[in-house]
Amino acid sequence: DFEYDEDGTLWIKSATTGSRPAQEKLEDMLAEVKMLYAAKYHESVDEDSQDFEYDEDGTLWIKSVTTSSRPAQEKLEDM
């Protein structure tokens with residue numbers, strides 16, 4: 001369907017209806033992303049792991065843990 005307004009501009013009417021509500025689609029997509037994240041990083045985004053804390057002054061401290069495949073001494077000796 002189309003129509004012209006008083007200025008002669010063409011307007012095309014279109015209507016789409018989805019098979020599911022948009023919120024339901026977004027929730028399905030979110031569930032998929034959470035599953036992919038858990039598969040890659042072996043942890044859930046919904047877990048309440050606390051990688052940060054505040055000290056008595058209100059300063060934010062972020063916990064960071066790194067692991068190496070080889071000890072640092074071996075890496076230095078290879079240089």
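Just so it is clear, the model here is predicted, and its values are computed rather than measured.
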**OP:** Using the test side chain to side chain contact (heavy atoms under 4.5 Å, CB included), find all partners of L36 that sit at least two apart in sequence or belong to another chain.
**Re:** E32
**OP:** To the nearest 0.5 angstrom, please state how far the CD atom of Q23 sits from the CG atom of D28.
**Re:** 10.5 Å
**OP:** Hey, could you give me the CG/CG distance between D57 and D55, rounded to the nearest 0.5 Å?
**Re:** 5.0 Å
Original post:
For Y41, which fellow cluster members are found when Ile, Leu, Val, Met, Phe, Trp and Tyr are connected by side-chain heavy-atom distances below 4.5 angstrom, either directly or through intermediates?
Top reply: Y37, V45
**OP:** Linking directly or through intermediates, with side-chain heavy atoms under 4.5 Å: list the remaining ILVMFWY members grouped with F2, chain and number order.
**Re:** Y4, L10, I12
